[in-house]
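Everything below concerns the one structure shown next.
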Amino acid sequence: MAQIELNNIREQKNKASRLHKRPLPDMTPMVDLGFLLITFFIFTSRLSEPSKLNLILPKEDGPPINVMDSKTITVLLLEDKRAGWYDGQTAIEPKLQLTSLSGNNGLRKILLQKREKVKSKWGDAHEMFVIIKPAKETNYQALVDVLDEMLINDITRYTIIDPDKTDMKMLYSNQ
C-alpha cells in the first residue's frame with residue numbers, strides 16, 4: 001500500500017532552505033471503490049436486458065384447428081387504440097361492440113367475462129380461443145398491447161389472422 005511520505009521534521013528545521021514535500025494520499029480505497037462501481041454497473045446492465053415474447057406458431061402443413069363458437073371470441077383491432085369484438089369465429093350477423101385496448105374496463109374486462117363463461121360451461125378456462133384480426137391501419141403497439149393482454153389474462157390459445165371483407169365492412173360502418 002502507498003503511504004504518506006514525510007521528511008524527517010528535524011532535518012527540515014535544520015536546513016536553511018526548506019523544501020516542502022506534499023503528502024501523497026493512499027489511493028488504495030479509491031481503486032477498491034472504482035472496482036466496486038464497475039462491478040455494480042456490469043451487474044445491473046445484465047439485469048436490464050430487454051425481454052421478448054415467444055410466439056408458438058403451428059406447422060404450415062399441420063391439420064386445421066377446430067374450435068367451437070361458444071369457446072371463441074374475435075377481436076378486431078383499429079388504429080386508434082380501440083378494438084371491436086364479437087362472440088364466435090365468423091361474422092354472419094354478429095353484434096360488433098367497440099372497446100378500448102387499455103384499462104381494466106376495456107378489452108381485459110371482456111376477455112375475463114368470456115373466460116368465466118367458458119370456465120362455467122366447459123369446466124376449463126384454458127379452452128377459450130381468441131382470434132385477433134388487426135386491420136391494415138393498426139399500429140404495432142396496439143398488437144403488442146393485445147398480446148400483453150393474452151399473457152396477463154393467462155389465455156394460451158389465440159391466433160392472429162387477417163380480417164375478411166365482412167369484418168372490414170363492420171369495422172368501418174361502426175366507426
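None of these values were measured; they are calculated from a predicted model.
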(request) Under 4.5 Å between side-chain heavy atoms, chaining through other members, with only Ile, Leu, Val, Met, Phe, Trp and Tyr counted: pull out the rest of the cluster around L112, sorted by chain and number. (result) none
Go through the structure and list residues passing side chain to side chain contact (heavy atoms under 4.5 Å, CB included) with [X], not counting sequence neighbours.
{"X": "S100", "result": "none"}
{"X": "L37", "result": "L33, F41"}
{"X": "D32", "result": "T28"}
{"X": "K109", "result": "N105, Q113"}

(message) Filter on salt bridge (charged side-chain N to carboxylate O under 4.0 Å, His left out), then keep only pairs touching residues 125-134, sequence neighbours left out; what's left?
(response) K71-E127, E127-R157, K133-D167
(message) Quick one, L111 and M150 - any side-chain contact, counting heavy atoms below 4.5 Å?
(response)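 Yes, close enough: below the 4.5 Å cut-off.
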(message) In the structure I gave you, are the side-chain heavy atoms of F129 and V118 within less than 4.5 Å of one another anywhere?
(response) no
Least distance between heavy atoms, [X] atom then [Y] atom:
{"X": "L77", "Y": "T138", "result": "O-OG1, 3.0 Å"}
{"X": "D154", "Y": "R115", "result": "O-NH1, 3.0 Å"}
{"X": "V75", "Y": "A83", "result": "CG1-CB, 3.9 Å"}
{"X": "I73", "Y": "K114", "result": "CB-CG, 4.2 Å"}
{"X": "P163", "Y": "A135", "result": "CG-CA, 4.3 Å"}
{"X": "I160", "Y": "P134", "result": "CG2-CD, 3.9 Å"}

(request) Enter the distance from T74:OG1 to I161:CD1 here, rounded to the nearest 0.5 Å. (result) 7.5 Å
(request) Kindly compute the distance separating CG (D87) from OG1 (T72), expressed to the nearest 0.5 Å. (result)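 The OG1 atom of T72 is 9.0 Å from CG of D87, to the nearest 0.5 Å.
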(message) With a 3.5 Å distance limit and no angle check, can you tell me whether N153 reaches the backbone of I155 through a side-chain donor-acceptor pair?
(response) no
(message) Test of understanding: with salt bridge (Lys or Arg N to Asp or Glu O under 4.0 Å), list the residues that count as partners of K119, not counting sequence neighbours.
(response)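 Salt bridge (Lys or Arg N to Asp or Glu O under 4.0 Å) list for K119, sorted by chain: empty.
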(request) Please identify each residue that fulfils side chain to side chain donor-acceptor pair (under 3.5 Å) with K81, with sequence neighbours left out. (result)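 Partners of K81 by the side chain to side chain donor-acceptor pair (under 3.5 Å) criterion, ordered by chain and then number, come out as D145.
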(message) I'd like to check the side chain to side chain donor-acceptor pair (under 3.5 Å) partners of R108; sequence neighbours left out, ordered by chain and number.
(response) N104, E149
(request) Please check if V146 and I152 belong to a single hydrophobic cluster, counting links between Ile, Leu, Val, Met, Phe, Trp and Tyr side chain heavy atoms closer than 4.5 Å. (result)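 No, V146 and I152 fall in different hydrophobic clusters.
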